[in-house]
A.B. asks: 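Submitted below is the structure of interest, expressed as structure tokens.
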There are 2 protein chains.
Amino acid sequence: MRPPVNGAVRRRPSLSQLRAFAAVAEHLHFRDAATAIGMSQPALSGAVSALEETLGVTLVERTTRKVLLSPAGERLAVRARAVLAEVAALMEEAEAVRAPFTGALRLGVIPTVAPYLLPTVLNLVHERYPDLDLQVHEEQTANLLDGLTTGRLDLLLLAVPLGVPGVMELPLFDEDFVLVTPLGHELGGQEGIPREALRALRLLLLDEGHCLRDQALDICREAGRDDVPVTTTAAGLSTLVQLVAGGLGVTLLPRTAVTVETSRNPQLLTGRFAHPAPSRRVALAMRTGAARGAEYEELAAALREALRPLPVRVL
Amino acid sequence: MRPPVNGAVRRRPSLSQLRAFAAVAEHLHFRDAATAIGMSQPALSGAVSALEETLGVTLVERTTRKVLLSPAGERLAVRARAVLAEVAALMEEAEAVRAPFTGALRLGVIPTVAPYLLPTVLNLVHERYPDLDLQVHEEQTANLLDGLTTGRLDLLLLAVPLGVPGVMELPLFDEDFVLVTPLGHELGGQEGIPREALRALRLLLLDEGHCLRDQALDICREAGRDDVPVTTTAAGLSTLVQLVAGGLGVTLLPRTAVTVETSRNPQLLTGRFAHPAPSRRVALAMRTGAARGAEYEELAAALREALRPLPVRVL
DNA sequence: AGTCACTGATAACTACATTCGATCAACCCG
DNA sequence: CGGGTTGATCGAATGTAGTTATCAGTGACT
């Protein structure tokens with residue numbers, strides 16, 4: 001009493017079969033799919049048929065003129081892609097073991113960090129990991145996270161916490177915010193400024209999308225300021241500082257940006273907040289389970305050392 | 001200027017190679033591993049060597065007397081297992097598509113739900129999915145969750161929310177708790193009992209580990225009762241009800257349990273709480289991304305229909 | 001309606017990877 | 001110093017997976 005039409009011996013699918021199927025699922029066209037994965041069309045055709053045979057399921061509805069996936073095919077294509085992704089991760093990890101700190105590392109950095117930390121980062125990489133081909137992409141947090149999860153980027157350097165599942169943060173340091181004022185401002189150059197002072201100030205902010213803008217607004221809220229002072233905004237910290245120098249208001253600057261941005265402008269003063277000063281945490285972020293994760297952690301450790309000379313609290 | 005000792009052509013590992021490696025990683029013994037996956041020892045030996053060749057990494061340190069994984073091997077074994085797990089999931093999903101609602105379904109049920117819902121569940125399965133081999137396991141929530149994540153169980157029927165990552169809940173219904181009192185108790189048989197009444201009652205509870213016990217305690221806390229009345233506890237709801245009938249105190253019973261547990265005992269009365277009454281939500285739970293997930297969702301839908309006659313709020 | 005271009009399927013053949021049984025060499029143990 | 005166990009190696013048989021060449025069905029255009 002065996003099942004009726006089941007003469008097929010159930011066996012294990014092969015990776016190339018899954019690759020073939022995934023390619024067909026993507027292109028919905030056998031010849032295109034075949035060239036895409038570098039094999040002949042008959043081979044691919046046979047591979048897909050063989051897979052359907054081994055799984056006992058029709059995956060692809062082919063009318064000579066059109067190809068589309070069966071409902072089962074839709075579901076199994078997802079699984080096939082998952083398998084192939086795992087295999088790719090394995091091979092990548094093998095490569096990472098074989099030759100750590102080589103090849104391309106696509107690093108995403110937020111604009112309010114990039115100009116001030118990149119010198120340190122680039123130096124470190126150049127000195128310590130000369131075979132690492134660091135490719136820097138400066139974007140805002142949301143874009144970076146999208147790039148990370150879609151695989152366009154490998155590693156991010158940004159402000160945390162992110163609270164995004166599947167993304168692991170490797171904290172680097174905490175840095176205080178300082179108050180940047182024009183020369184002659186009542187708070188100019190003071191120390192121990194209470195946060196509540198923010199309530200009465202005309203605060204200049206970055207454009208929408210910059211996490212620093214949101215952090216500044218949060219700090220204001222915590223200081224008891226409920227209105228949102230959106231009068232002027234600037235695309236970059238340098239511009240923002242120029243606006244402050246021009247007397248349009250004051251702004252908050254992360255500690256790492258202060259030296260670069262204010263030293264070249266004698267019109268500015270920086271004031272420190274009272275302890276505990278508002279601060280932000282800067283970290284590396286990678287996909288949880290990234291193939292080169294171990295390297296990223298080592299890089300984070302090396303980076304913490306390299307950042308020690310900076311006026312921040314290294315973690 | 002090509003890399004020095006790299007004559008090997010980098011190619012793609014095969015699934016059988018990964019299977020072989022995973023087996024060796026598990027057994028740390030070539031012959032055992034070979035028999036475990038049903039292939040000859042030389043074949044397995046060759047497969048592992050071939051994998052090392054394709055990956056360009058030494059995975060296994062073999063001294064003729066001992067086998068152990070290299071650090072790289074440890075890391076890559078994890079990846080290999082992940083690949084194989086994905087493949088297994090794919091095959092299982094294919095099987096599920098090919099023959100839905102057949103084969104074994106290992107269902108875990110908590111003790112405070114099992115006796116009252118299983119008749120409905122078994123009936124439904126028998127009528128609608130006769131080829132489904134339902135295997136019921138009655139355990140407490142913590143054990144069930146462990147069983148689910150380790151793969152010992154496929155589906156759970158329990159009280160939610162669980163808040164466990166990787167576990168998806170398919171809500172079935174909400175049911176009120178009722179107050180069970182002995183005959184002659186001041187609150188006996190009343191309706192619209194305020195929760196605050198719980199403060200003054202001698203409440204009997206189930207043993208540690210039953211989620212119903214924790215829910216009852218939560219309800220008490222919400223009602224403003226801070227002390228934990230742990231005087232007597234019982235291993236099952238039936239026992240608990242007997243204790244109530246014996247005048248030892250009162251207890252909370254989920255609505256689905258009331259008919260069964262109180263009808264056979266004329267010594268008891270049940271009282272309803274004022275709206276909104278304390279309640280619990282009962283749901284199915286499965287691993288996120290379970291191969292037969294679509295079937296479980298359909299089963300949940302069918303179950304909701306089948307439960308409609310019961311005095312609960314079906315979702 | 002006929003033809004053409006393009007689709008995926010098939011056939012025949014080849015190459016090579018996988019597997020097996022048999023055997024070998026190293027090692028631990030008594 | 002054997003005896004037994006370990007993993008590695010060998011050579012042959014098998015089966016898989018790939019190739020090129022060709023076929024057969026379909027829709028579009030004239």
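Every chain is numbered from 1, with letters handed out A, B, ... down the list of sequences. Everything quoted here is computed from the prediction, not taken from an experiment.
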A.B. asks: What's the CE-P distance between B/M39 and D/dA8, to the nearest Å?
C.D. replies: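 Whole-Å distance recorded here is 13 Å.
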
A.B. asks: Please determine if a side-chain N or O atom of B/S45 lies less than 4.0 Å away from the OP1 or OP2 oxygen of D/dG7.
C.D. replies: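 For D/dG7, OP1/OP2 do not have a side-chain N/O of B/S45 under 4.0 Å.
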
A.B. asks: Give the C-alpha distance, both sets of side-chain angles, the deciding distance and a yes or no for side-chain contact (heavy atoms from CB on, under 4.5 Å) between B/L15 and B/V83.
C.D. replies: CA-CA 8 Å; B/L15 277 184; B/V83 171; 3.9 Å; yes

A.B. asks: Using whole Å, what does the distance between atom P of nucleotide D/dA17 and atom CD1 of A/I37 come to?
C.D. replies: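 After rounding, the reported distance stands at 13 Å.
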
A.B. asks: Using a 3.5 Å distance criterion without hydrogens, assess whether the side chain of B/E61 forms a donor-acceptor pair with backbone atoms of B/L68.
C.D. replies: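 Pair absent, no side-chain N/O of B/E61 close to backbone of B/L68.
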
A.B. asks: Just do the side-chain contact (heavy atoms from CB on, under 4.5 Å) check on B/L59 and B/F21 with the steps written out, would you?
C.D. replies: CA-CA 8 Å; B/L59 300 170; B/F21 171 50; 3.7 Å; yes

A.B. asks: Remember a base hit wins even if backbone is also touched, and classify A/S49 as base, sugar-phosphate or nothing at under 4.0 Å, heavy atoms.
C.D. replies: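 The answer is nothing, as A/S49 stays clear of every strand by at least 4.0 Å.
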
A.B. asks: Check B/E52 with B/R62, please: is the shortest side-chain N to carboxylate O separation under 4.0 Å?
C.D. replies: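 Looking at B/E52 together with B/R62, the answer is yes, because their closest N to O distance falls below 4.0 Å.
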
A.B. asks: Just the rounded figure in Å: distance from C1' of C/dA17 to CZ of B/R12.
C.D. replies: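 Taking atom C1' of C/dA17 as the reference, CZ of B/R12 is at 16 Å.
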
A.B. asks: B/S40 side chain N/O closer than 4.0 Å to the phosphate oxygens (OP1, OP2) of C/dG21?
C.D. replies: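 No, no such contact exists.
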
A.B. asks: Without swapping roles, check the side chain of B/R128 against the backbone of B/L299 for a donor-acceptor pair under 3.5 Å.
C.D. replies: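 Absent.
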
A.B. asks: Please give, in whole Å, the distance from D/dA8 C1' to B/E52 CD?
C.D. replies: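 The distance from CD of B/E52 to C1' of D/dA8 comes to 12 Å, rounded to the nearest Å.
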
A.B. asks: What integer distance in Å separates B/L68:CG from D/dG7:P?
C.D. replies: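 Taking atom P of D/dG7 as the reference, CG of B/L68 is at 12 Å.
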
A.B. asks: Does the side chain of A/S14 get closer than 4.0 angstrom to OP1 or OP2 of D/dA17 through an N or O atom?
C.D. replies: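 Answer yes for this pair, as a side-chain N or O of A/S14 is under 4.0 Å from OP1 or OP2.
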
A.B. asks: Rounded to the nearest Å, what distance is computed from the CG atom of residue A/L28 to the C1' atom of nucleotide C/dG8?
C.D. replies: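 Taking CG of A/L28 and C1' of C/dG8, I get 14 Å after rounding.
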
A.B. asks: Indicate yes or no: does A/E139 engage A/R152 in a salt bridge with an N to O separation below 4.0 Å.
C.D. replies: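 Yes.
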
A.B. asks: With side-chain contact (heavy atoms from CB on, under 4.5 Å) as the criterion, how do A/L76 and A/L51 come out once you've worked through the C-alpha distance, each side chain's angles and the decisive distance to 0.1 Å?
C.D. replies: CA-CA 11 Å; A/L76 290 172; A/L51 183 62; over 6 Å; no

A.B. asks: Any idea which of C/dT19, C/dT7, D/dT20 is nearest the A/H29 side chain?
C.D. replies: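 In terms of side-chain proximity for A/H29, the closest of C/dT19, C/dT7, D/dT20 is C/dT7.
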
A.B. asks: So which one's nearest nucleotide on DNA chain C is more toward 5', B/A50 or B/P42?
C.D. replies: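 Closer to the 5' end of DNA chain C: B/A50.
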
A.B. asks: Please determine whether a side-chain nitrogen or oxygen atom of B/R62 lies at a distance below 4.0 Å from atom OP1 or OP2 of D/dT6.
C.D. replies: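 No, outside the criterion.
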
A.B. asks: Starting at atom CG of A/L15, determine the distance to atom C1' of C/dA17, rounded to an integer number of angstrom.
C.D. replies: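 About 14 Å, once rounded to whole Å.
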
A.B. asks: Roughly how many Å is it from CD in B/E61 to P in D/dG7, rounded to a whole number?
C.D. replies: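 After rounding, the reported distance stands at 14 Å.
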
A.B. asks: Judged by each residue's nearest nucleotide on DNA chain D, which is more toward the 5′ side, B/G46 or B/D32?
C.D. replies: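 The residue closer to the strand's 5' end, by nearest nucleotide, is B/D32.
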
A.B. asks: Less than 4.0 angstrom between a side-chain N/O of B/Q17 and OP1 or OP2 of C/dT18, yes or no?
C.D. replies: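 Yes, such a contact exists.
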
A.B. asks: Nearest-nucleotide wise, let me know which of A/A43 and B/R31 is further upstream toward the 5' end of DNA chain D.
C.D. replies: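 Comparing both residues, the 5'-ward one is B/R31.
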
A.B. asks: Under 3.5 Å, which donor-acceptor pairs link side chains of residues 27-42 of chain A to any protein atom two or more places apart or in another chain?
C.D. replies:
from: A/H27; atom 1: ND1; to: A/A23; atom 2: O; distance (Å): 3.0
from: A/H29; atom 1: ND1; to: A/R31; atom 2: N; distance (Å): 3.3
from: A/H29; atom 1: ND1; to: A/D32; atom 2: N; distance (Å): 3.1
from: A/T35; atom 1: OG1; to: A/R31; atom 2: O; distance (Å): 3.3
from: A/T35; atom 1: OG1; to: A/D32; atom 2: O; distance (Å): 2.8
from: A/S40; atom 1: OG; to: A/A43; atom 2: N; distance (Å): 3.4

A.B. asks: Angle between the two end axes of the helix from C/dA1-D/dT30 to C/dG30-D/dC1, five base pairs per end, rounded to 10 degrees?
C.D. replies: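 One end's axis against the other's: 20°.
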
A.B. asks: Let me know, please, whether B/A47 or B/Q41 comes out on the 5' side of the other along DNA chain C by nearest nucleotide.
C.D. replies: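 Its nearest nucleotide lies further toward 5', so the answer is B/A47.
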
